[in-house]
Amino acid sequence: MEAVIEVHDLVKEYTIAKKGSGLRGALKGLLFPEKKTVRGVDGISFSIAPGEIVGYIGPNGAGKSTTIKMLTGILHPTSGSIKVCGISPQADRKSVVRKLGVVFGQRTQLYWDLRLGESFELLRRIYQVDKTSFEENMSILSDVLKLEEFIHTPVRQLSLGQRMRGDIAAAMLHSPSVLFLDEPTIGLDADAKHAIRHFIKEINRKRGVTVILTTHDLDDVEQLCTRLVVVNHGKVVEDGPMASLIRKLAPHRLLVVELQQPFDDLEHPAAEIIKQDGLKVWYQFEKSRISAAQLISELSQKLPIQDLSVKEPDIEDAIREVYKMT
Amino acid sequence: MVTTIRHYFSVAACFARLAVQRQLEYPLFLFSWLLMIPIQYFSGIWMLKIIVDRFQPLNGWDFPELAFLYGLGLLSHGMLVVFFINTWQIDNMVIQGTFDRLLLRPMSVFFQLVASYVNFIGLIDCIPGLIIFLYGCQLVGFEWTLGNIIKLLLVLIGGVLIRASLFISLGTIAFWTKRNASMVGFTLSMLERGTMYPLGIYPYVLQVIFTFIIPIGFISFYPAAEFLGKGSESFQLPLNFALATPAVGLACFMLSQWIFRRGMRSYESAGS
């Protein structure tokens, strides 16, 4: 299938002035500026197919926002090529942004002083959405995001969760085919997070909207994303479906055993004891070497086991591994 | 083409309506403007009167002529404040990321920048300008012929464009430096001084600068000199001054648009 987003060898360089400390350093920096070129984004390539929900994740300063800003036409790349719906956002910004919805979780595009509905009317005119499709669209958005409770409230009086729902609706008014969400759940309570995740799933399923999501909330990733692109230091370090990423990066499982009484010979050849606390023992083992069932049956033959549980590695472990690696 | 124009008009009208609503949200703020602005400008004209009364005509300009000159400059200032006030805060928009949002919408960025805030409070700036200008017209016996009115309108438009171009070019600096607020303040006071006195009182170098490099002489001085039939002692430009102002304004405006577009290309949005 034709890719919605096609990024090839994307590079963004910044020149930063190196400054010394104190007054002396400041003066020196003023007279003899030491300039340094930093690569915020360092040769990123990927392509995204229609209807995917892609988690674009990485630690702070990894180059996530910079990439999103280049994909949406805000920044010009130093080199490399970008195609969004077949068009370069730098060459033809207006055509590209018509097809995009963009939400920055930390900033709002709504008018602070005015009722939420006023901002929607402005956007309706900017994107030239006719009245009938606007009403239709509004009612669908209202249904899922429960906008009618606060559409007549000034934006400054909205809670963060309500404001975020308003912002997402604002980004969806012109029925974009690609939605960029930059930390859409930051600072929200569990309810609001749930509402937003539900909405993202809905528009993806019903309208086939492609979603690119940056977040630090791994629950978002777990519940929404079919694919992860992990970046660090401006480079893509992993790209693939979440399950395989976890398998690859965090192959360990954990067996927690609680004994009835103290026991000396706890060792098992295929598992490593990583922690022991009173009668509780943590075994770490690799899926590929031994199955959980086998390990349990072998251990229970010699140990007086009271209780046990198996822990699957989760996305958090996987991500931590990635950040550690680079 | 027609649909594009209709599109831009429809958005501009909506922007304007929202701007009025936003300004009416803060009535006390509006009231303080109503109080401060007239005080500022009427004290300006009062100073001029005192200077001329106590000492002598400024560079051959007596009080009625100075009132005409000052009023003309104030009028274009007032119009600038109404229509182009957003060009004063490009740096803020860059820092807070609101500028990013303009780039995400399928319309001209410059249009959105300017149209998104029509400053109706700025009409208060126009009131003292209008009063002082009409008073000056009365004193110098300005003839309200059709030709003069058309010339006057062209001069005002040209003057607004020259002022706007200055602030647009300055604002563009913020794309590189992120900060330019002090430049805006500096430019405002330069514009006030450069347009309220006859250019002839300044040293030769400044006259050259204000004519050819930062052409603020065309905002009020050259056109006023022509309207009042005063020979300009500084330069004998072979142009009809009243028509030079709109031409200079247009040229400056186009130049500032070019600078703005250049700036956008190297725009580095702030923060995450």
Pairs where residues 112-121 of chain B contributes a residue and the test side-chain hydrogen bond (donor to acceptor under 3.5 Å, both in side chains) is met, not counting sequence neighbours: B/Gln23-B/Tyr117, B/Asn86-B/Ser116
How long is the straight-line distance from OH of A/Tyr127 back to CE of B/Met107, given to the nearest 0.5 Å? 10.5 Å
Just jot down the side chain to side chain donor-acceptor pair (under 3.5 Å) partners of A/Lys99, sequence neighbours excluded, or say none. none
Where on A/Ile68 is there a heavy atom nearer than 4.5 Å to chain B: the side chain, the backbone, both, or neither? neither
Residue B/Arg262 excluded, over 12 heavy atoms near CZ under 6.0 Å: no
Are more than 12 heavy atoms, taken from residues, nucleotides or ligands other than B/Arg193, located less than 6.0 Å from that residue's CZ atom? no
For A/Thr72 and B/Leu104, run side-chain contact (heavy atoms from CB on, under 4.5 Å): C-alpha distance rounded to whole Å, both residues' side-chain angles, the deciding distance at 0.1 Å, then the answer. CA-CA 7 Å; A/Thr72 52; B/Leu104 289 173; 3.6 Å; yes
Tell me whether B/His7 contacts the main-chain N or O of A/Arg125 through its side chain, where contact means a donor paired with an acceptor under 3.5 Å. yes
Within 6.0 Å of CZ in B/Phe83, more than 12 heavy atoms from elsewhere: no
Side-chain touch A/Arg107/B/Asp100, heavy atoms, less than 4.5 angstrom: yes
Rounded to the nearest 0.5 Å, how far apart are OG1 of A/Thr108 and CZ of B/Arg101? 8.0 Å
Within a reach of under 6.0 Å around CE of B/Met190, are more than 12 heavy atoms found that belong to other residues, nucleotides or ligands? yes
Over 12 non-hydrogen atoms of neighbours within 6.0 angstrom of CZ in B/Phe186: no
Ignoring hydrogens and angles, state whether a donor on the side chain of A/Gln109 or B/Arg105 is under 3.5 Å from an acceptor on the partner side chain. yes
Report the distance from atom CG of B/Leu102 to atom CD1 of A/Ile126, rounding to the nearest 0.5 Å. 9.0 Å
Please classify the contact of B/Phe99 with chain A as side chain, backbone, both or neither, using a heavy-atom distance under 4.5 Å. neither
What part of B/Arg17 gets closer than 4.5 Å to chain A, counting heavy atoms only: side chain, backbone, both or neither? side chain
Please list, in residue-number order, every residue in residues 82-97 of chain A that has a heavy atom less than 4.5 Å from any heavy atom of chain B; write 'none' if there are none. A/Arg93, A/Lys94, A/Val97
Do other residues, nucleotides or ligands put more than 12 heavy atoms under 6.0 Å from B/Phe9 CZ? no
For the CZ atom on B/Arg6, are there more than 12 heavy atoms of other groups (residues, nucleotides or ligands in this structure) within a distance under 6.0 Å? no
Residue selection (most heavy-atom pairs with chain A, distance under 4.5 Å) from B/Val11, B/Leu18, B/Thr98, B/Val109: B/Leu18
For chain B, which residues from residues 113-122 of chain A lie under 4.5 Å away (heavy-atom distances)? A/Asp113, A/Leu114, A/Glu118, A/Glu121, A/Leu122
Bottom line for B/Glu25: the part with an atom under 4.5 Å from chain A's heavy atoms is side chain
